[in-house]
Every structure is written in C-alpha cells, then in structure tokens.
Amino acid sequence: MSFLELKNVCAGYGALKVLNNVSLRVDPGEIVVLIGPNGAGKTTVLKSVFKLVDVYSGKICFQEKDVRALHTHDLIQLGMSLVPQGRQVFGSLTVRENLEMGAYLTQDNDVVQERIASTLLQFPELKPKMKDYAFALSGGQQQMLAMGRALMQDPKLLLLDEPSLGLAPKMMQTVLNRIKKINEQGTSVLMVEQNARQAVKLADRIYVLEDGKVALHGGKDILSRKEIQHIYLGGR
Amino acid sequence: MSSILAQLLLNGLIAGAIYALVAAGFSLICSVMKFMHFAHGGVVAAGAYFLFMFSQWFSPVPAILLALVTTVLFGVFMDWSVYKQLRKRHASNAVLLIASIGLMILTTNLILIGFGADVKTIPLAQHNPVYTILGARITLIQVVIIATSALLFGLLYYLMKCTRLGKALRAVADNNAIAQTVGINPSRMYLATFILGSALGGIAGMLIGLEQNLYPSMGLSLVIKGFTGAVIGGVTSVHGSILGALVLGMVENLGIWYLPSGYKDAIAFVLLFVFLLLKPEGILGKRFERG
C-alpha cells in the first residue's frame, strides 16, 4: 500500500505544461528523493501534490484517497506539509509568529503552544531567537525555521523543496541530518534535491526526472548507473 | 504667541488624526493587496455622504451604524466587482492602480449625481461646545475625532499583533505564496482587508463630515493626504503610515505659521516629493533582503 501515489500526472502553469505523465509513489516511513537537472520539473511535482499548480490530468492519491479535487488547506489538514524552496520565511514576522502561522489551521491555542514546544525540541537553535524577526536570522536558521514551521501541522508527509540550497556544507549536513531525524520519528518525506550525492545517502528510493518525465527510478546505487551521466551531462 | 502655537499644534493633531485614519486603511490594503487603492478616497467620501443621507431619516446612533455598514459594503463591492475580476485575469499592479483611479473618479461622479454639486452639512453636529486648552480652542467634535482615532489605532495594533487574523494578514502581506503553503486562504484575507480598510475609511469620512462641509471630490484630496502620510511613514507599514500622517498634519499646520494658509496643500506635496526622492521606503517601512 502506498502512502502517496501519482499516476500519469500532467501539470503546469496555465498553458505551460511542465510535467508529462509523471508516476511515482512514497510508501509509509520512506524518504523518497527527486533529482534531475535544472528545469526537469522537480519543484512542479511537489507543487502539483500540494495543489499550487494546475493539474491537467492523472491521479494523485494520499492515503488511498484521491486528493486532486482538494484545496491546499484540505491537504494540510489531511497531514501534508510543504517546505518551499529558498529558505522562505515570513521576514516581517517574529520567529514565534512564523511557527504560529505554521499551525494556522489549528484553532486550539493550547495545541499550538504544545507544538511550538515540540518543534523547539527538534530545532533548539530557534529557542533563543523566538522574539527576533525572521529576516534577521542566518540562512541556516531560516531553513530550520521553514522546516519547523512545516512541522507545526504535525504532518504525516513532509514535502521538501531543495532544503540544502545555498547553505554552507556544514549547515547542509545539519539540515539533512534533521530531515533524517524527522523521518525516524514517523514522518514520510518526499524531497527534491539538487545536491544528488548528499541526498542519495539519505534516500530509500530515488526518482530521476528529465524534461518533465521520470527517466530513472531506483535505490541508492542509482548514481553509478550509466544513464545518469547522459541525463545530467547530455550527449547520448 | 504661545496660544497660537498651541492652536496650531492642536489643529495639526486633529488634521493628522483624520489623515492617519485615511492612511491606515489605505496602507493596510496596500500592504496586503500590493497595489495602491486610490479609490479608498471614494470610500472615505461615501462614509461622509452615507452619514449625511441616513442622518436625515434616523437618530444619530442608527445613522452612524448604517452608514458604517453601507460604506464597508461599498468598499467590498469595489473589490469584488473590479479588482477581483482583474486579479482573476492576472492583471498587473499598474492595471489595478489605473482601475483604482477610475473607481475614484466614478465614485466622485456618483456622488455628484446622487447628491448634487453643492456643499452639504451633516445635521448631527448642531450642538458643538467649544473648550479651551492652554489658550487653544477645541470643539467637542474635534475631541471625538482625536479620541476615536486613538482608540481605533489601539484596536488596530492589537488586531495586527495579537490575533490570529492579524498575524495571517501580516503573513499574506509579507509573502502571499508562502502564506498559501501554511493553509491561509488569500481570498478570505483579501476580503478581511477590504472590510477592515473600508471600515477605517468610512469612520474617517464620517468624522470629517461632522467637522467640515461635504463636497463630491472630497475623497480625492483626502486620499492624497492619506497617501502622502503613508509615503512619509512607509506605505507597507500600517503604524508607519499612521505616524507619517500625524507628521503631515503637524507640518501642514505649523507651516502656515510662516506661510499663507493657501500653501497647506503645497507643503504636503513638497513633503511627498522629498520623501519619494530621498527616502521612498518611509520612516518605518523596511526593505527586506530575500535570500
């Protein structure tokens, strides 16, 4: 039984079709990584799951339920969370307010405060910064905050868009370790990564995207396959 | 001499309080919607004229409440009938700006058709005692203007900083795309923005209507003052705009100590150009670097 399943999904932005018959799945407890060259449609896969782009055809099922007709806020309530690309935080809100907004759909303030406490256990570096405006955080801290905000809904499936983008190597490692830890606590992960070598270490399964299609699919050994060089470097 | 100074300061505070009410609604809408809603002036004028209309038929309290509700509906209708339709077509901010100027002109002309070109006076303000503070004269209505503004700014601050709605509005203003990823529905926030902004504008219009005469193009000159105040304080910062509008009211009124009173508007425009040229982000407006 798969947790998240995309079947022949075509999606894009208005008249611009980006994904062409993409099929993939995430099983419970897995970390699945999407890699591929720039413009392959990796981000669009996450956005199509989260209803942030137009899905023209195909099927998207989450926990055996067809979710194509649902809105983003319904998906969040079903247990999905997205960490968008590029350390996106609400710069003019404080760190605490950012976390509170992560639990926007949770009406009960006690629950929100409990979740803040448990999120701070995962990201202790945010604790002394709670009253600071998010724009004043370092890049690494902003990525932690963006991830912490996504955890505020207590998701079953975390969608991560290039969490290591633009981070220093040491911070990149820290972020990837945190993702591993979040996964070990029972959250399934679907992650887009530009840094294929690092991401593959973390992954249970890997999909390689090329021109809006799944070109390859496999386990950790995928980077040693010959086809991958053609996909990344061209000239087949 | 000191009583003249006290009077000018007091006049500045009264003018500033009114400009600040206009500016607060204008900049709230601007920060969330990301365009200049110049037709906010039309909403302000509508507030004054609706109060004029309802006060012919009802006693003060129901007249004020009815005028407020109608003005809010008018503002929301502007958004629904024009801006929302343009947003659906992915119109640029420049198109929305032009539409807002069109709406401003349309509102002025609707008032002209409905009420005529002659000045009107709201009959509620017949009994208006005068008090003296430090040699400066202030009327009861002016006291009401200052007190109402102060109360509304306090409420607005509480709403934006302490409530779930206010934080969500700030989140949408900060980054609409990310706000959607946490489940905030932008359409609902746009509606809330127009309700709040138009309520502030309507109250501003009613207070002005009690203090001064009503004329069809009153909204345009008021929204220009509100806009100037917002630019001085920082268009996307609601409390910055309030501060800027208070500064504008003060400067205008202190300026006429030296200059003939006809230069009041000129002072406002000079201040507007100075800020646009030298400090376009305003006193409190921030420029965020995005990584």
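Residue numbers start from 1 in every chain, and the chains themselves are labelled A, B, ... in the order their sequence lines are given, proteins ahead of strands.
- Side-chain rings of B:Phe35 and B:Tyr83 approach one another, their centers coming within less than 6.0 Å.
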For this session: Tell me, with the steps shown, if B:Asn176 and B:Tyr190 meet side chain to side chain donor-acceptor pair (under 3.5 Å).
Result: CA-CA 11 Å; B:Asn176 196 343; B:Tyr190 296 161; 2.6 Å; yes
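- Interface remark: of the candidates B:Ile178, B:Thr181, B:Asn185, B:Ile178 forms the most heavy-atom pairs closer than 4.5 Å to chain A.
- If you measure heavy-atom distances from A:Ile76 to chain B, the contacts under 4.5 Å come from the side chain alone.
- Looking only at distances, a side-chain donor or acceptor of B:Ser31 sits under 3.5 Å from a matching main-chain atom of B:Leu28.
- Separation of the B:His37 and B:Phe194 ring centroids falls under the 6.0 Å cut-off.
- Within the 3.5 Å criterion, the main-chain N or O of B:Phe38 finds a donor-acceptor partner in the side chain of B:Ser100.
- Neither the backbone nor the side chain of A:Gln77 comes within contact range of chain B; no heavy atoms are under 4.5 Å apart.
- For B:Ala177, no part lies under 4.5 angstrom from a heavy atom of chain A.
- Counting heavy-atom pairs closer than 4.5 Å to chain B, the top-ranked of the candidates A:Thr72, A:Leu105, A:Asn109 is A:Leu105.
- Residues A:His73 and A:Tyr104 place their aromatic rings such that the two centres sit no closer than 6.0 Å.
- Of the listed residues (B:Lys167, B:Arg164, B:Gln180, B:Arg170), the one with the most heavy-atom contacts under 4.5 Å to chain A is B:Arg164.
- Among A:Met80, A:Arg149, A:His71, A:Met152, the residue with the largest count of heavy-atom pairs under 4.5 Å with chain B is A:Arg149.
- Proximity to chain B involves both the backbone and the side chain of A:Leu93, based on heavy atoms less than 4.5 angstrom apart.
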